[in-house]
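Presented below is the structure to which this report refers.
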Amino acid sequence: MPDAYITATSAVLPGPPISNDEIEAVLGQLGDQPSRLRSRILRNNGIRTRHYAVDRETGRPTHTSAQLAAEAVRAACEGRGVALADVGLLACATSIPEQVVPGHASMVHGELGTHPCEIASLQGVCCAGVTALKYAAMAVQTGGTSLAVASAVERTSSVLRRAAFTAELNARTAAEEENPFIGFDQEFLRFMLSDGASAAVIQDRPREGAVSLRIEWIELVSYANELPTCMYLGGEPTPSGGLAGYRDGDSLDRALRAGTLNLHQDVKLLAAHMVETCARSLEVVRRKRDLRAESVDWLLPHYSSDFFRAKTHDALEAVGFPIPYEKWCSNLTERGNTGCASPLIMLHDFLASGRLRAGQNVLLLVPESGRFSCAWVLLKAV
């Protein structure tokens, strides 16, 4: 099978960097007082700045997800010096598209306004961007096209702004509850997630005069067959570990008042299974790909919070796959957690750092807490 190469990447971070002290000024404060949990959450996640596609003066969105993704696709193509009209496939990923129908890739393609081409919409959580990358790589490897672009975008500010919580907060206040605040599972995400887009150009040959990344393999392992839902929007947990979708409820109004259309995370499940499934999936990948720690020159780990950094390091070491911290590269503190866009944004920043040398191997580690999955990607600089 022919090889596939990443020949250019891009990262689009909307607006200026937002410091920890500015978050509620941009997203809006929930209630009369600043969050009681903000300092605790930020201390654990280690993020110092992030970006939001939100106008600070008006509180209104500055971009749609499709617009951000289209910017990233254009930037990647310009960085490679290729025309949009030469792209044979657009594989576009996001966790929370603006609309249910049509697919996210259709909206990105519409924003680009270029020629007719194949498109693919990939929806999930953190692994969705890697899935888009795999789809694009397979299209090139199987001869479907000689030039594909994979993009990933998150605009979680759309569900983190105060407006998204109005119905739930009003319902709680009307009921005169003792604790008229949103749950920790929602506030936890408000101070962790942010916006960004990324893209990668995939071709059937390396770029002349510059380092390209040959895609050695991409593996994704899901544990949804045995573990319950951890991160969700648009449903309510069921005893079986699944979700009862909002469309099967009594009314959309009830779903809004109950916070069903807000983003949730079961932090107890997250702590119990996130690192553990990383280690388990590594065992699967090692057997299949004969992956050895000593062959890894750089590890680019996507972790949602600095809380998981040492835990991930120790878990890899415990299963006989030690990667010393000097080989780790992460941009979480400056870029924030941009979900499925994070891996390619991280790869873009790493390539821009100038540290990569021809012949070196780069390993991407991308866990996902939706219902627990993990992606591993091995790239060789050529």
Side-chain angles (χ1 to χ4, degrees), residues 9-18 23 26-27 45 47 49-54 61-73 75-76 90-100 103-105 107-108 111 120-133 149-161 164 186 188-200 230-234 261-265 270 300-305 330-349 364 366-370 373 375:
T9 58
S10 68
V12 173
L13 286 303
I18 302 300
I23 294 174
V26 177
L27 296 180
N45 70 33
I47 300 170
T49 58
R50 75 284 293 147
H51 295 256
Y52 299 121
V54 177
T62 59
H63 301 73
T64 66
S65 295
Q67 288 169 341
L68 285 175
E71 282 192 31
V73 171
L90 281 172
C92 305
T94 191
S95 298
I96 312 171
E98 273 82 25
Q99 70 295 315
V100 179
H104 168 62
M107 306 310 290
V108 177
E111 286 292 334
S121 298
L122 292 309
Q123 191 271 336
V125 193
C126 295
C127 286
V130 174
T131 307
L133 183 66
V149 177
S151 78
V153 63
E154 299 292 12
R155 193 174 66 88
T156 47
S157 61
S158 65
V159 295
L160 300 179
R161 293 186 305 127
Q186 296 180 69
F188 170 74
L189 295 169
R190 256 197 126 215
F191 294 104
M192 183 187 299
L193 301 175
S194 55
D195 301 346
S198 53
C230 177
M231 187 175 183
Y232 53 95
L233 181 156
L261 297 181
N262 294 339
L263 191 60
H264 297 259
Q265 176 122 62
L270 181 71
L300 275 57
H302 166 60
Y303 40 85
S304 60
S305 166
S330 171
N331 58 2
L332 177 70
T333 57
E334 297 83 20
R335 301 298 204 179
N337 179 0
T338 53
C340 78
S342 286
L344 286 181
I345 292 176
M346 183 164 47
L347 181 61
H348 177 76
D349 286 352
L364 273 62
V366 187
E368 173 182 303
S369 63
S373 301

Under 3.5 Å donor-acceptor, [X] side chain and [Y] backbone:
X: Asn45; Y: Phe191; result: yes
X: Ser342; Y: Asn337; result: no
X: Arg190; Y: Leu160; result: yes
X: His63; Y: Ala53; result: no
X: Thr338; Y: Ser194; result: no

| message | Please evaluate residues Met107 and Thr64 with respect to the criterion side chain to side chain contact (heavy atoms under 4.5 Å, CB included), reporting the C-alpha separation (whole Å), side-chain torsions for both, the decisive distance (0.1 Å), and the verdict. | response | CA-CA 10 Å; Met107 306 310 290; Thr64 66; over 6 Å; no
Supply the atom-to-atom distance [X] [atom1] to [Y] [atom2], rounded to the nearest 0.5 angstrom.
X: Leu344; Y: Ser151; atom1: CG; atom2: OG; result: 9.0 Å
X: His104; Y: Ser65; atom1: NE2; atom2: OG; result: 6.5 Å
X: Gln123; Y: Cys340; atom1: CD; atom2: SG; result: 9.0 Å
X: Phe188; Y: Ser305; atom1: CZ; atom2: OG; result: 6.0 Å
X: Arg335; Y: Ser330; atom1: CZ; atom2: OG; result: 11.5 Å

I want to check something: taking the side chain as every heavy atom from C-beta on, are [X] and [Y] in contact at a cut-off of under 4.5 Å?
X: Asn262; Y: Val159; result: no
X: Glu334; Y: Pro17; result: no
X: Thr333; Y: Thr49; result: no

| said: Walk me through whether Tyr52 and Ile23 qualify under side chain to side chain contact (heavy atoms under 4.5 Å, CB included). | reply: CA-CA 9 Å; Tyr52 299 121; Ile23 294 174; 3.6 Å; yes
| task | Quick one: list whatever passes side-chain contact (heavy atoms from CB on, under 4.5 Å) with Ala375, sequence neighbours left out. | result | Cys127, Val130, Leu220, Val366
| said: If the threshold is 4.0 Å, N to carboxylate O, is there a salt bridge linking Arg155 and Glu98? | reply: yes
| said: List the residues meeting ring-ring contact (aromatic ring centres under 6.0 Å, His included) with His264, not counting sequence neighbours, and say none if there are none. | reply: Tyr232
Any idea which heavy atoms bring [X] and [Y] closest together, and the distance?
X: Leu13; Y: Asp195; value: CD1-O, 3.6 Å
X: Glu154; Y: Ser95; value: OE2-OG, 2.5 Å
X: Ala152; Y: Ala341; value: O-CB, 3.5 Å
X: Val54; Y: Val26; value: CG1-O, 3.8 Å
X: Pro367; Y: His302; value: CD-O, 2.9 Å
X: Gly196; Y: Pro14; value: CA-CD, 4.2 Å

| note | The side chain to side chain contact (heavy atoms under 4.5 Å, CB included) partner of Leu300 among Asn331, Leu347, Asp349 is Leu347
| request: In sequence, state the C-alpha distance, the side-chain angles, and the governing distance for Leu263 and Met231, and then conclude on side chain to side chain contact (heavy atoms under 4.5 Å, CB included). | output: CA-CA 7 Å; Leu263 191 60; Met231 187 175 183; 3.7 Å; yes
| task | Kindly indicate, with the supporting measurements, whether the criterion side chain to side chain contact (heavy atoms under 4.5 Å, CB included) is fulfilled by Thr9 and Ser198. | result | CA-CA 7 Å; Thr9 58; Ser198 53; over 6 Å; no
